[in-house]
Amino acid sequence: QWAAYYQPGRELNIDEGMVPFTGKLGFLQYIKRKPHKWGIKVFLLCDSASAYCLKSTIFAGKDSNAKIETLVKDLLEPYKNKGHILYVDNFYTTISLLRELKEIQTGCTGTFQSKRIGDRNISKGHDVKKGETRFYTHTQYEDILLVLCRDRKLVKMLSNCASTQVTTKQIEKKAFIKQVPKVLDDYNAKARGVDRSNQLSLEFSHPHKSTKWWKVLFDYIIQVCITNAFIIYQHYHPKANHKTFILGIVGRLVKEPQLKKSKVLHLPAYLDPNLRSGKRLKCRNCDKLSQFYCKECSTISRKCALCMPDCWKNYHQNLHNM
């Protein structure tokens, strides 16, 4: 339901996130490069520009390439045929996935693993020199571009929507200029939506430890909801602070409820002073005899007698809070 409240930009990002958990669980995962290495793995679809989480699904078993492609298409179901560009890492990138996304008018750019390419000699790029960039097209699918670029290490990318354009990038700290393929420059700038969403979700979260995995997952979903609410709020208030926003939510939740103001003014009336105490009316609040009653709370058949002032105050406070 998160997607119903936000219209994403053109660039989208799919990646996995980790819900910290170390208990006993059949689908517990370990990812070395994550800040929380043990936990429940979730796949997230986020807007690259704002890091708003649009959709998610839980990883609950071993995936094959076919299942990974199905997962990506399920996450992108509300956004097919709308001209979006998807950025992914080498866990998702395959030639068959790029072909299927091309059919639904969705671009895709991502790094890849050499074992998923037919000609491994090209994809390994051992003969690519430092500072050199090479572009290849698939012999069967010419709309898929393979990019090899070596700087400190070799970068391998596949794309069904990129061009062979090369941009000039200036390195300020080292004061020199280098040539970078535009597809790599775009990937570095727009493939971090999920990482920033995970960072915001866990930034001020409280570690609610539990042996029940579903409780930990529920707490994570609440954190994502708060993060998405902050992103929407920040759209209208650009100077908003994340910590202040969360403290505001907490303050609203723990604030004492205000008593409802009565629209009718209740005034006490005095019974006949000539009545003997044995014939005075019983108080609605304490059952003691009282010579005062409320005109507004009384009916034709029965008067609402109340002791003054404590029973009068307590009775009307409870009446207004109902």
Side-chain angles (χ1 to χ4, degrees), residues 8-19 29-59 61-76 79 84-102 106-117 120 123-125 133 136 138 144-162 180-202:
R10 187 185 182 193
E11 290 80 16
L12 302 176
N13 184 209
I14 290 180
D15 203 353
E16 62 268 11
M18 290 292 286
V19 182
Q29 295 293 310
Y30 174 81
I31 302 180
K32 184 178 180 179
R33 58 186 175 86
K34 292 293 183 181
H36 299 281
K37 296 176 174 54
W38 288 97
I40 303 170
K41 184 163 72 171
V42 291
F43 296 102
L44 304 173
L45 172 66
C46 294
D47 178 48
S48 295
S50 65
Y52 185 94
C53 183
L54 300 164
K55 199 174 180 181
S56 68
T57 184
I58 301 173
F59 177 83
K62 187 177 180 180
D63 282 341
S64 63
N65 290 343
K67 290 183 179 179
I68 292 174
E69 294 168 5
T70 304
L71 168 70
V72 173
K73 289 189 292 183
D74 289 343
L75 290 173
L76 287 174
Y79 305 102
H84 289 284
I85 298 178
L86 179 67
Y87 292 91
V88 295
D89 61 16
N90 58 15
F91 180 77
Y92 308 90
T93 310
T94 61
I95 292 178
S96 58
L97 175 63
L98 267 61
R99 288 294 303 165
E100 292 182 15
L101 293 181
K102 188 75 173 180
T106 301
C108 183
T109 299
T111 57
F112 67 91
Q113 301 175 17
S114 298
K115 63 182 180 180
R116 295 181 178 177
I117 304 300
R120 295 191 181 183
S123 61
K124 289 181 179 180
T133 301
Y136 299 91
H138 199 279
I144 295 179
L145 185 69
L146 187 150
V147 184
L148 300 179
C149 177
R150 186 183 294 276
D151 186 9
R152 288 180 295 181
K153 61 180 182 179
L154 182 67
V155 179
K156 303 174 289 184
M157 304 188 70
L158 281 176
S159 178
N160 63 0
C161 61
V180 179
K182 189 176 184 302
V183 60
L184 176 59
D185 200 28
D186 291 341
Y187 181 84
N188 290 333
K190 300 171 182 177
R192 300 292 177 265
V194 173
D195 293 338
R196 289 189 291 114
S197 177
N198 289 330
Q199 181 183 2
L200 288 171
S201 300
L202 300 174

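Every value quoted in this text rests on a predicted model; they were computed, and no experiment measured them. Atoms considered below: every heavy atom in the structure, side chains included; atoms not considered: hydrogens, waters and symmetry mates.
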Measure the acute angle between the ring planes of Trp38 and Tyr30, then classify it against the limits of 30° and 60° as parallel, tilted or perpendicular.
tilted
How many angstroms lie between [atom1] in [X] and [atom2] in [Y], if you round to the nearest 0.5 Å?
{"X": "Glu11", "Y": "Asp47", "atom1": "CD", "atom2": "CG", "answer": "8.0 Å"}
{"X": "Lys73", "Y": "Leu75", "atom1": "NZ", "atom2": "CG", "answer": "12.0 Å"}
{"X": "Leu45", "Y": "Ser56", "atom1": "CG", "atom2": "OG", "answer": "9.5 Å"}
{"X": "Gln199", "Y": "Arg192", "atom1": "CD", "atom2": "CZ", "answer": "12.5 Å"}
{"X": "Tyr187", "Y": "Asn13", "atom1": "OH", "atom2": "CG", "answer": "7.5 Å"}
{"X": "Gln29", "Y": "Lys37", "atom1": "CD", "atom2": "NZ", "answer": "15.0 Å"}

Treating [X] as the side-chain partner and [Y] as the backbone partner, does any N or O pair qualify as donor plus acceptor under 3.5 Å?
{"X": "Lys156", "Y": "Asn90", "result": "no"}
{"X": "Ser197", "Y": "Gly193", "result": "no"}
{"X": "His84", "Y": "Gly9", "result": "yes"}

Is there a side-chain contact between [X] and [Y], using heavy atoms and a 4.5 Å cut-off?
{"X": "Leu54", "Y": "Leu12", "value": "yes"}
{"X": "Tyr79", "Y": "Leu86", "value": "no"}
{"X": "Leu184", "Y": "Thr133", "value": "no"}
{"X": "Val88", "Y": "Cys108", "value": "yes"}
{"X": "Leu145", "Y": "Val183", "value": "no"}

Heavy-atom closest contact ([X] atom, [Y] atom, distance):
{"X": "Tyr92", "Y": "Leu97", "value": "O-CD2, 3.2 Å"}
{"X": "Leu98", "Y": "Asn160", "value": "O-ND2, 3.0 Å"}
{"X": "Thr111", "Y": "Thr93", "value": "O-OG1, 2.7 Å"}
{"X": "Ile14", "Y": "Val72", "value": "CD1-CG1, 3.9 Å"}
{"X": "Met157", "Y": "Thr109", "value": "CE-CG2, 3.6 Å"}
{"X": "Asn198", "Y": "Gly17", "value": "ND2-CA, 3.6 Å"}

For Ile144 and Leu146: C-alpha separation, side-chain torsions, deciding distance, then whether side chain to side chain contact (heavy atoms under 4.5 Å, CB included) applies.
CA-CA 7 Å; Ile144 295 179; Leu146 187 150; over 6 Å; no
Among Thr94, Leu158, Asp89, find the residue that satisfies the side chain to side chain contact (heavy atoms under 4.5 Å, CB included) test when tested with Phe112.
Leu158
Assess whether atom NZ of Lys182 is packed by more than 12 heavy atoms of other residues, nucleotides or ligands within 6.0 Å.
no
Take Leu71 and Phe59, measure what side chain to side chain contact (heavy atoms under 4.5 Å, CB included) needs, and give me the verdict at the end.
CA-CA 10 Å; Leu71 168 70; Phe59 177 83; over 6 Å; no
